[in-house]
Every structure is written in structure tokens, then in C-alpha cells.
Amino acid sequence: MPTFKKFVMNVKLYIKGMLYTVLLFTLSSLTSCRDSFLEVKPSTDIVSPKTLDDYQQMLDFFRINYSSALPLLASDEYVIANENDWLSLSLIERNSYIWASDLFEGQNNVEDWNYSYESVFYANSVITGMKNLKRTEGNKNKYDYILGQAYFIRAFAFFDLAKNFAAPYDVENASTTLGIPLRLSPNVDEIAERANLEDTYLQIFADLQMATNLLSSEITANRNRANRPAAYALGARISLSMRQYPLAEKYADSCLHMYDKLIDYNTINVTATTPFLRDNVENLINANIGKNYQSILYNSPKNITVSSLLLGLYASGDLRKEIYFTYSPVNGLTKMKRGYSGATLLPYSGLSTDEVYLIKSECAARRNDLVVASQYLNRLLVNRFRTGNYVNRVFFSYEEAIDVIINERRKELVWRSGLRWDDIRRLNLEGKEIQLERSFGDKKYTLFPGSKKFVFPIPSNELNNSKITQNIR
């Protein structure tokens with residue numbers, strides 16, 4: 001049986017230089033036959049990349065790091081009150097909202113699956129292709145920076161796939177639970193079987209370790225390019241989702257030691273429809289949902305409103321309620337304003353320092369250091385309330401601290417590519433018994449804790465062509 005100790009030991013083995021041995025073992029498990037992860041092969045303006053600038057151009061492709069919308073579509077942050085409005089949505093939106101067993105109904109080329117594997121393709125093309133370029137004293141910084149970006153992109157994409165198309169990580173059964181296909185070659189005629197969940201996450205951490213070794217600590221004006229603080233933040237997010245709290249705290253500490261800036265929300269225009277710039281100081285790396293689903297766009301044109309239960313969590317003086325949302329007295333609907341991606345209408349899924357503060361606070365609370373937990377939470381929240389309105393939190397029990405911090409995650413990380421959905425998956429493994437409900441008139445839909453519907457199905461064209469195993473729902 002795998003244990004947390006075994007997991008950490010494996011990660012340390014990667015860190016100590018055994019990365020390539022494990023990668024070769026994983027590569028040997030790949031079967032050489034026709035691949036179908038995209039019906040149309042990914043395109044690039046670079047026909048035959050030959051220089052470092054060519055490879056950087058590949059990694060600057062605009063769809064790099066696009067994330068799946070499925071966890072946001074299925075989560076409890078929004079409400080569709082009218083069945084006719086629900087019927088006006090696309091098939092995937094409708095089925096996601098009621099947690100239908102047959103989510104795609106045979107629909108092929110689902111972007112929520114394809115976009116991440118497209119990012120994997122570009123990352124693999126760079127990782128493989130750069131072996132043909134000589135790393136010299138004159139170009140080593142640029143060479144390492146580009147290669148580090150590629151490893152980050154692959155880790156980011158693999159995790160997005162794992163958290164949506166595989167069960168939540170449980171150390172007791174990870175070696176016997178299906179993970180995702182780990183494509184480690186740019187050869188689109190090569191196919192990988194689904195790895196188990198333990199090997200899936202070991203590969204993600206292997207890529208992440210390579211990224212942190214190679215990337216620059218500098219956060220540039222181009223927020224689409226990875227950096228070392230963002231890699232540490234990604235490690236913290238992944239480890240938290242796995243309930244590996246000591247590891248998540250170490251990653252959070254590494255990130256905040258290097259970069260810990262926060263926005264004072266008192267400096268934000270509360271009436272603006274686009275409150276944040278894309279290069280705001282909290283944004284470690286920019287990313288957003290790829291698919292343009294009408295129901296989850298910022299200020300969606302559909303008759304959809306933010307959950308009243310969520311809105312009710314914000315206290316008086318909390319600027320987030322005014323900055324994140326806009327209310328229309330005409331139709332009584334509350335909509336999301338644009339987020340940390342700036343002017344785009346697509347929800348933000350990047351990595352930011354506010355998320356890292358919350359991870360640090362929760363992990364400190366879980367080891368019962370209530371003083372440190374409150375310190376990091378207070379530092380964040382004093383920047384979220386009107387000046388003079390915030391009173392520092394003092395925790396008196398483990399249970400109180402966890403409950404408060406989880407609620408703050410709901411309020412702070414709202415509409416961020418389904419982080420709420422990810423939290424529900426892990427918290428139900430902690431015994432929280434979070435149950436989701438939808439209703440239209442007398443029709444009621446319920447998603448029970450432990451349901452297999454917390455894992456999304458794999459699109460049918462992928463199953464038909466690559467013969468991998470479908471998730472049971």
C-alpha cells in the first residue's frame with residue numbers, strides 16, 4: 001500500500017537526480033500506435049524550429065495553459081433559476097449543471113480535454129527539440145529559462161487533466177486508481193495508456209522539479225511566461241488538492257519567500273467592470289479557461305446569477321463583494337466582473353499570491369499552529385476590507401481555523417477555474433460531507449459526497465481511437 005512517507009520519498013528521489021531513470025521507465029510503457037488526442041494536429045507557425053527564439057515562440061502560443069471549464073460548470077458558485085434558461089445553454093453546459101452521467105452524449109473533440117493535451121504537445125516539442133541545440137556559456141540562462149517554461153507547462157496541463165478526469169488523490173489507493181495518459185513525446189502517432197494515479201502525480205512533480213531548477217525567479221511583465229515563484233505556487237496548489245499538507249506548506253513557503261506581494265483592494269475602483277490589470281502584482285502567471293461557455297463568462301449574457309449562499313458569506317466592509325460582483329436591480333441578477341486576467345471574459349485559472357497565502361494559512365492550521373495560520377490570513381484580509389473595518393482574526397481551535405479558512409477560500413478564489421470544485425473533492429475525503437443540489441420547479445438534482453460524478457468522463461472519440469478505459473459515472 002502506498003503511504004505518504006513513500007510518496008514524499010519518491011518525490012525526494014526525483015529531486016536527488018533520479019528523474020531521468022523514472023522518465024525512461026514511464027516512456028517504456030508507452031505503446032506505439034495511432035494517437036487521437038486531437039483530431040487535427042496542433043499547428044504552429046514554426047515549421048522547423050532551429051533557434052531558442054523559435055522555441056520561445058512555440059511556448060508563447062496563445063492557447064498554452066488553457067484550462068478546463070468543467071469544474072466551474074459543475075460547482076455551486078452560480079444558479080440557473082429558470083428551466084428555459086437552462087435549456088438555452090449548450091449540451092455540455094446543461095449536462096454539467098445537473099451532473100448528468102453521459103456528460104458529452106457522444107460529442108467529440110471536447111476542448112476541456114483537448115486544450116491541455118495541446119499544451120502538452122507544445123511542451124514536449126520544446127523539451128525534445130532543444131536537445132538538438134547546444135547549451136553554451138553564452139546562452140545558458142535563456143536556454144534554461146525556455147526549457148523550464150516547457151516543463152512548467154506540461155506539469156500545469158497534466159494536473160488540469162488529472163484533477164478533472166481522474167479521482168481525487170488518496171494515498172491509500174493511488175497505485176491502483178486510474179490516472180491519465182502521460183504523453184511524453186511530441187510524436188502524435190504515439191499513444192499512452194492511462195497511468196495509475198501515483199505515477200501520474202510523480203510525473204507532475206518530476207516536471208515541476210525540473211521547472212523550479214531551470215526557471216528564473218524574476219516575474220516579468222509578460223505574465224504568460226512561467227517563473228520560479230509560479231512553479232512553487234503550482235506545487236502548493238497540487239499538494240493541497242492531494243491533501244499532502246506538509247508538502248503544500250513547503251511549496252507555499254518557497255513561493256512567498258521569493259515573492260509575497262498583495263493588492264490593497266482600497267486602491268481598486270469598486271465600480272469598474274474590469275477592476276484588475278492582467279499584470280497586477282498578485283498574478284504570478286496568467287492562465288484562463290479555454291472554452292467560451294456562455295454560463296460562466298464574466299458578466300454572462302444569460303439569466304444566471306451568483307449563488308446567494310456564496311454572496312451571504314461576505315461581511316460588511318469586505319470590498320470583495322463590490323469588486324468581484326455587479327448587481328442589476330432591473331432583473332435581480334448578480335454577475336461576476338472580470339478577474340485577474342484583465343479584460344478577457346474568460347475566468348482566470350492562473351496562479352496568484354492570494355491563493356498561496358490561503359494555502360499557507362490552511363496548512364499551518366492543519367498542523368495546529370493557529371498563530372501562524374491567523375497571521376497569514378490576517379495579512380491577506382486586511383488588504384480586502386475597507387481601511388479601518390477589518391479586525392484581526394484570532395483562532396481558538398483547530399476546527400474554527402479550518403472552517404474560517406475554507407470559507408475565505410470560497411470568497412477569495414471565486415470563479416477561478418473551479419477551485420471550489422477541487423476543494424469539495426478533497427474536503428469530502430476529509431469527511432466534510434458536502435452535498436450539492438440544483439432545482440427547477442419541482443425537479444431536483446443532487447450530487448452526493450463520494451459520487452463517481454466528481455470525476456468527468458473522457459470524450460468518446462478518445463476512447464474509440466486510443467482504447468483507454470472510461471471513467472465510471
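Side chains are part of it too, since the values below use all heavy atoms of this structure and drop only hydrogens, waters and symmetry mates. Count residues from 1 along the sequence.
- Side chains of N288 and R278 form no contact here, defined as non-hydrogen atoms less than 4.5 Å apart.
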From CA spacing to verdict: side-chain hydrogen bond (donor to acceptor under 3.5 Å, both in side chains), S68, D160: CA-CA 7 Å; S68 169; D160 193 63; 5.0 Å; no

Stepwise side-chain contact (heavy atoms from CB on, under 4.5 Å) check, S119 with R63: CA-CA 7 Å; S119 291; R63 286 204 298 261; over 6 Å; no

Audit row: F159, S116, side-chain contact (heavy atoms from CB on, under 4.5 Å) steps and yes/no: CA-CA 9 Å; F159 176 59; S116 289; over 6 Å; no

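- Listed for the N299 side chain is no donor-acceptor partner under 3.5 Å among the backbone atoms of K335.
- A donor-acceptor pair under 3.5 Å links the side-chain atoms of R194 to the main chain of G179, judged by distance alone.
- Every residue was checked against the salt bridge (Lys or Arg N to Asp or Glu O under 4.0 Å) condition with R228, not counting sequence neighbours, and none meets it.
- In this structure, the side chains of R366 and E249 stay at 4.5 Å or more apart for every pair of heavy atoms.
- A heavy-atom distance below 4.5 Å is found between the side chains of L413 and L358.
- Applying the salt bridge (charged side-chain N to carboxylate O under 4.0 Å, His left out) test to residues at least two apart or on different chains, the pairs with a partner in residues 342-355 are R237-E355, D354-R384, D354-R416.
- In this structure, E322 and R386 have side chains that are in contact, with non-hydrogen atoms separated by less than 4.5 Å.
- At least one donor-acceptor pair closer than 3.5 Å links the side chain of N471 to the backbone N or O of F456.
- Of the possible donor and acceptor atoms, one in the side chain of W86 sits under 3.5 Å from a partner among the backbone N and O of R94.
- A salt bridge is absent between R426 and E430; no separation between the charged side-chain nitrogens and carboxylate oxygens falls under 4.0 Å.
- Atoms OG1 and CG, on T212 and N227 in that order, are 12.0 Å from each other to the nearest 0.5 Å.
- Rounded to the nearest 0.5 Å, atoms NZ (K291) and CG (N114) are 11.0 Å apart.
- Annotation: the span from I92 atom CD1 to E111 atom CD amounts to 7.0 Å, rounded to 0.5 Å.
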Derivation of the side-chain contact (heavy atoms from CB on, under 4.5 Å) call for L208 and L234: CA-CA 8 Å; L208 199 57; L234 179 58; 3.8 Å; yes

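- Here the CZ-OG distance, from R420 to S307, works out to 9.0 Å after rounding to the nearest 0.5 Å.
- A side chain to side chain donor-acceptor pair (under 3.5 Å) with Y390 is found for one member of D318, N383, N378 and no other, namely N378.
- Under a 3.5 Å cut-off, the side chain of N124 and the backbone N or O of F121 do not form any donor-acceptor pair.
- For the atom pair CG (L215) and CD1 (I146), the distance works out to 11.0 Å, reported to the nearest 0.5 Å.
- Within the 4.5 Å cutoff, side-chain heavy atoms of R225 are placed close to those of Q56.
- In terms of modelled atom types and a separation under 3.5 Å, the side chain of Y314 and the main chain of K411 share a donor-acceptor contact.
- Looking at every heavy atom in both residues, L91 comes nearest to F104 through CD2-O, 3.6 Å.
- A cation-pi arrangement is absent between K443 and F440 under the rule of less than 6.0 angstrom and at most 45 degrees off the ring axis.
- Electrostatic pairing of D403 and K432 counts as a salt bridge here, judged by a charged N lying under 4.0 Å from a carboxylate O.
- Residues N65 and F152 have side chains in contact (heavy-atom distance under 4.5 Å, counting atoms from C-beta outward).
- A 6.0 Å sphere centred on CG of L87 holds more than 12 heavy atoms belonging to other residues, nucleotides or ligands.
- For the pair K360 and Y376, the cation-pi criterion (under 6.0 Å, within 45° of the ring axis) is fulfilled.
- By the ring-ring contact (aromatic ring centres under 6.0 Å, His included) test, Y265 pairs with F276, sequence neighbours left out.
- Between D260 and T353 there is no side-chain heavy-atom pair separated by less than 4.5 Å.
- Looking only at distances, no side-chain donor or acceptor of S352 sits under 3.5 Å from a matching main-chain atom of N283.
- With hydrogens and angles ignored, the 3.5 Å screen pairs no side-chain donor or acceptor of E77 with any backbone N or O of V306.
- Between W113 and F165, the distance from one ring center to the other falls under 6.0 angstrom.
- Between A150 and L59, the shortest heavy-atom distance links the atoms N-CD1, 3.9 Å.
- Salt bridge absent: K302 and D85 never bring a charged side-chain N and a carboxylate O closer than 4.0 Å.
- Here the shortest heavy-atom pairing between F325 and M336 reads CE2-SD, 3.1 Å.
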side-chain hydrogen bond (donor to acceptor under 3.5 Å, both in side chains) between D53 and Q57, intermediate numbers included: CA-CA 6 Å; D53 288 337; Q57 185 182 340; over 6 Å; no

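- Listed for the R338 side chain is no donor-acceptor partner under 3.5 Å among the backbone atoms of P275.
- Salt bridge E408/R393: absent, no basic N to carboxylate O contact under 4.0 Å.
- Relative to the ring axis of Y78, R438 places its NZ or CZ within 45° and under 6.0 Å from the centre.
- The closest side-chain heavy-atom distance from L73 to I296 is below 4.5 Å.
- A cation-pi arrangement, defined by a distance under 6.0 Å to the six-membered ring centre and an angle within 45 degrees of its axis, is present between R183 and Y117.
- Between the side chain of K337 and the main chain of V270, a donor-acceptor pair closer than 3.5 Å is present.
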Test log, rule salt bridge (charged side-chain N to carboxylate O under 4.0 Å, His left out), inputs R243 and D170: CA-CA 8 Å; R243 300 182 297 133; D170 186 349; 3.6 Å; yes

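- Scanning all heavy atoms of the two residues, the minimum distance from S460 to N108 falls at OG-OD1, 3.1 Å.
- Taking every heavy atom of both residues into account, S125 and M58 meet most closely at CB-CE, 3.5 Å.
- Taking both residues in full, the closest heavy atoms of S349 and S417 are given as CB-CB, 3.1 Å, listed atom of the first, atom of the second, then distance.
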F61/E118 under side-chain contact (heavy atoms from CB on, under 4.5 Å): CA gap, chis, key distance, verdict: CA-CA 10 Å; F61 180 53; E118 187 176 41; 3.8 Å; yes

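- Here CD1 of I323 is found 10.0 Å from OG1 of T271. Values are rounded to the nearest 0.5 Å.
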